[in-house]
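Have a look at the structure below, then the notes.
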Amino acid sequence: MGGAAGRTAAAAVATAAAAALLTAAGPAGGAGAAEPAEAAEVLGAADIGIGGFGIGGRHRVVWAAAEFAPPGKSTVPAAVTYDRTLVPVGARVSVVRYDSRRGMTVALEVRGLPKNRGYGAHVHTEPCGPRPGDSGPHYRNVPVPRGSSAGPRHVNPENEVWLDFTTDEHGGGRALSSHMWRFRAGEARSVVIHEHRTRHEPGRTGDAGGRLACVTLALDPKPGR
């Protein structure tokens, strides 16, 4: 299987695997507020076998989970909320990254948020901090050249990882984002939840409003972590 059909099949397998692993990770755990989040966020990493669709073999999966908590005076929890109304303390988040031969899929799940509401979410370059801006800009597969401003070539759901979702009547939501590339080491370090779904219209592309919450995690852990 090759061409567009092969890419579609590979993406379908990656999506299904990420969703299944996200579910298998179970309910989110504690926030780990006493530690810098990066030291405690990855709950598991494994090499799994996926057969069929021409992408059989061993593939890397990492997953993490945490409960949102407010920033402390000297510590930042693994999942930090800056807006306790739209991302309540105790709401839960899980993130899975699944690698295939052709790229990767990132899956996000949230629980305990206000019901029937749209949110934006993106992978960012820096760990979460006590201030919303501490997580840095969006991760981009094709970086913006030094001294240039980001344009449509860089700010789009193919070059970035967008994980927008709308919560259901129970306050839960899920999102998946599949790509034909993988993160560069050490450059994808958090997922930020924003106040509204990401805009696509010219001049506003990539805008998802204020940063409501952030979860720090190593989306590119070293083998064996």
Side-chain angles (χ1 to χ4, degrees), residues 18 21-46 60-98 104-114 119-139 161-165 167 171-177 183 185-195 208 210-225:
L21 282 159
L22 196 155
T23 300
E35 292 283 340
E38 190 177 5
E41 78 292 353
V42 174
L43 300 184
R60 193 69 176 164
V61 176
V62 295
W63 62 94
E67 288 187 358
F68 286 105
K73 292 182 178 180
S74 60
T75 61
V76 178
V80 56
T81 176
Y82 307 112
D83 187 318
R84 302 187 198 185
T85 299
L86 297 180
V87 180
V89 172
R92 296 176 291 180
V93 59
S94 300
V95 182
V96 172
R97 170 189 166 172
Y98 165 79
M104 67 175 183
T105 291
V106 180
L108 171 72
E109 181 180 44
V110 295
R111 304 178 189 177
L113 272 58
Y119 292 82
H122 310 123
V123 173
H124 284 242
T125 60
E126 301 298 329
C128 310
R131 297 173 299 276
D134 290 339
S135 52
H138 297 178
Y139 178 91
V161 178
W162 296 5
L163 293 160
D164 294 7
F165 60 91
T167 55
R174 284 187 175 186
L176 294 164
S177 183
F183 295 120
E187 295 187 33
R189 305 181 69 187
S190 62
V191 173
V192 174
I193 296 176
H194 294 261
E195 66 178 329
R211 302 183 187 196
L212 305 177
C214 180
V215 55
T216 298
L217 66 162
L219 284 167
D220 52 357
K222 297 178 181 178
R225 276 195 64 178

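The figures here come from the full heavy-atom set of this structure, side chains too, leaving out hydrogens, waters and symmetry mates.
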Could you tell me if the side chain of Val96 sits less than 4.5 Å from the side chain of Val106, heavy atoms only? no
Side chains of Tyr82 and Pro70, heavy atoms from C-beta outward: is any pair under 4.5 Å? no
Hey, does the side chain of Thr167 reach the backbone of Pro114 with a donor-acceptor pair shorter than 3.5 angstrom? yes
Heavy-atom nearest pair, Cys128 first then Ser190, reads SG-CB, 4.0 Å
For residues Val76 and Gly129, report the shortest heavy-atom separation together with the two atoms involved. CG2-C, 3.9 Å
Sub-4.5 Å side-chain heavy-atom contact between His124 and Val192: yes
Worked verdict on Glu109 versus Arg111 for salt bridge (Lys or Arg N to Asp or Glu O under 4.0 Å): CA-CA 7 Å; Glu109 181 180 44; Arg111 304 178 189 177; 3.4 Å; yes
Can you give me the closest heavy-atom contact between Ala69 and Pro77, atom names plus distance? O-CG, 3.4 Å
Test of understanding: with side chain to side chain contact (heavy atoms under 4.5 Å, CB included), list the residues that count as partners of Arg131, not counting sequence neighbours. Asp134
Taking the side chain as C-beta and beyond, is there a heavy-atom pair between Tyr119 and Glu195 under 4.5 Å? no
Consider side chain to side chain contact (heavy atoms under 4.5 Å, CB included). Of Val110, Val191, Thr81, Ile193, which one does Val215 pass it with? Val191
In terms of heavy-atom contacts, Arg97 and Phe183 come closest through NH1-CD1, 3.7 Å
Does a side-chain heavy-atom distance below 4.5 Å link Leu113 with Phe165? yes
pair Asp164-His122: side-chain heavy atoms closer than 4.5 Å: yes
Considering non-hydrogen atoms only, spot the tightest contact between Pro71 and Val80 and give its length. CD-CG2, 3.5 Å
State, with a plain yes or no, whether a side-chain heavy atom of Val123 is found less than 4.5 Å away from one of Trp162. no
Between Pro88 and Phe68 the two heavy atoms that sit nearest each other are O-CB, 3.9 Å
By side chain to side chain contact (heavy atoms under 4.5 Å, CB included), which residues pair with Thr125, not counting sequence neighbours? Pro137, Tyr139
Can you name the side chain to side chain donor-acceptor pair (under 3.5 Å) partners of Ser135, sequence neighbours left out? Arg211
